[in-house]
Amino acid sequence: MNICVIGAGYVGLVTGACLAEVGHKVTCCDIDQTKLNSLEKGRIPFFEPDLEELVIKNLRKKNISFSSNLVQSIENAVLILIAVGTPSSDNGTADISKVEEVAREIGSLLSSYKVIAIKSTVPVGTCAKIEDLIKTNLKSNCQFDVISNPEFLREGSAISDMFNADRIIIGSESSWAANIAKEVYLPFGRPILLTKRESAELIKYASNSFLATKISFINEMADFCEKVDCDIEDVAAGMGMDSRIGGRFLKAGIGFGGSCFPKDLKALLKAGEQIGCGFNIINSALAVNSAQKMLPIKKLKNILGTLENKLISLWGLSFKPNTDDIREAPALDIIEELLKEGARIIAYDPIAMTKVKNIYPDRVVFAKDCYESAVNSQGIIIITEWDEFRNIDFNRIKQSMKMPVIIDGRNLLDRHRLKNMGFLYSGIGRGTML
Ligand code: UGA
């Protein structure tokens, strides 16, 4: 089928590449010509495992193309996917102005029946709003349907998430449109759930809120573990064996970040507030998360006393491994707080350093690897669980540090081994011992 994806950002590009891979003819449209020029050459403007290979392969097969010509791309398409950003506005609500802008444009260009699917994360009721907006901008008297088709991809594993999706959600008022969308996704062989549009829109927010709550729950439990000498890793493993609970997203750490969880939880809270629905649990999940991000600093101060003028080494800056994304990354809050405490910071991340350098060109020093970052430092905080941190020569690290302190914010390392080596090691929720 001919598909037009509007917005060649993270969601649009991954979705477009995967749809092309299963045999559809996909045109990804964007207003950023520089981005389109590099995409045409198979160059991806952000880091996502396997995406570049997939795009290059499908460029060669002519299953994917990039264009700024919306007129022609829409004209040829059966399905139009809207995948533009919906960032937080100043008051926490989702800013859907880009989706609205696209809708106006689609309205003015439609000349035959199309299914228009909203992939962007949008508040309940947006599909209906967008339908009205397209209608008021129509230049010809043609039919169309607006459906909700939220995405559930995770950064860093987006391609495999798309091919192994737990579910594909299609929210539609029209069975004709739902059938077209179903046909598009059929080659993936994944379960499809048909719902009404508003329910589909909420499934996305409810899912992200539930996952984030699961993380805050386990982090709060980790805090209790430290006070009563339990190990959160064992507690989570035991809980996860109950199939009603499930083991995923029960990894204690220094909190969730990224461009989705914080933004979506705030937007749902705001939407609830507007209609008198309190969402106490979601509120608490966010509050627990804010406190959690400061935990490594609390732990460092317990060991080192003041942090004034102490050199602290940060390992990992991205909000999670396998991505260079630093949006709402706990690392940024930790850097801010360390600077307030008067600490000196040296940081290392395999791929996210350039982005952090742009924010802190002078106040943070960047190292070429973990070894360089450890030299003369009085504490290491592991912020992101990059695989390469597992295979470090910790004898070398210990010898080069001024104080052998490791705060393992992701419970990544073997604490017994490190303690035996003489490190002052503290993970998250792993008993009362340091
Ligand atoms: C999240 C959802 O998982 C996706 O399903 C959704 O499509 C996406 O948001 C979105 O709305 O676009 P993502 O933000 O890419 O995906 O990353 P996750 O893997 O969910 O991780 C989010 C944060 O939670 C990270 O900071 C991670 O370190 C943290 N996390 C995750 C934990 O602290 N513990 C866990 O057990 C799992």
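Computed from heavy atoms alone, side chains included, the values below leave out hydrogens, waters and symmetry copies. Atoms within a ligand are numbered from 1 in the order they appear, just like the ligands themselves.
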Nearest protein heavy atom to atom 37 (C) of ligand 1, by residue and atom, and its distance? F249 CD2, 3.4 Å
Looking only at N/O atoms, are R154 and ligand 1 under 3.5 Å apart anywhere? no
Among all the protein's non-hydrogen atoms, which is closest to atom 5 (O) of ligand 1, and how far away is it? F152 O, 2.9 Å
Below 3.5 angstrom, do we get any N/O pair linking F319 and ligand 1? yes
Does L211 reach ligand 1 with a nitrogen or oxygen that is under 3.5 Å from one of the ligand's nitrogen or oxygen atoms? no
In terms of residue, atom name and distance, what is the protein heavy atom nearest to atom 30 (N) of ligand 1? I215 CD1, 3.4 Å
When you measure from the centre of the six-membered ring of F152, is the NZ or CZ of K204 under 6.0 Å away and within 45° of the axis? yes
Any non-hydrogen side-chain atom of I80 less than 4.5 Å from a side-chain atom of I106? yes
Only heavy atoms of R410, strictly under 4.0 Å: list the atoms of ligand 1 that pass. 28 (O), 33 (O)
Who gets closest to atom 36 (O) of ligand 1 by heavy atom: R248, K320, K251, E385? K251
For atom 9 (O) of ligand 1, the closest protein heavy atom turns out to be C260 CB, 3.2 Å
Under 4.0 angstrom from ligand 1, any heavy atom of G257? yes
So between D325, L153, T121, V11, whose heavy atom ends up nearest atom 7 (O) of ligand 1? L153
E48 versus Y10: any side-chain heavy-atom pair under 4.5 Å? yes
Part of N208 within contact of ligand 1 (heavy atoms, under 4.0 Å): side chain
Salt bridge or not for K251 and E385, using N-O below 4.0 Å? no
Any side-chain heavy atom of R430 within less than 4.5 Å of one from R415? yes
Is the backbone N or O of T126 less than 3.5 Å from a side-chain atom of R197, with the two atoms forming a donor-acceptor pair by type? no
Under a heavy-atom criterion of less than 4.0 Å, does K204 contact ligand 1? yes
Do you know which two heavy atoms are closest between Y425 and K419, and how far apart they sit? O-CE, 3.7 Å
Is it the case that the side chain of S157 and the backbone of S160 share a donor-acceptor pair, with hydrogens and angles ignored and the cut-off at 3.5 Å? no
Can you sort out which atoms of ligand 1 are near E155, meaning under 4.0 Å from one of its heavy atoms? 15 (O)
Mind telling me whether F163 and F188 have parallel, tilted or perpendicular rings, with 30° and 60° as the class edges? tilted
Residues forming a salt bridge (Lys or Arg N to Asp or Glu O under 4.0 Å) with E220, sequence neighbours excluded: none
Write out the residue and atom name of the closest protein heavy atom to atom 23 (C) of ligand 1, then the distance separating them to 0.1 Å. F256 CB, 3.6 Å
For atom 1 (C) of ligand 1, what is the nearest protein heavy atom, given as residue, atom name and distance? F261 CE2, 3.5 Å
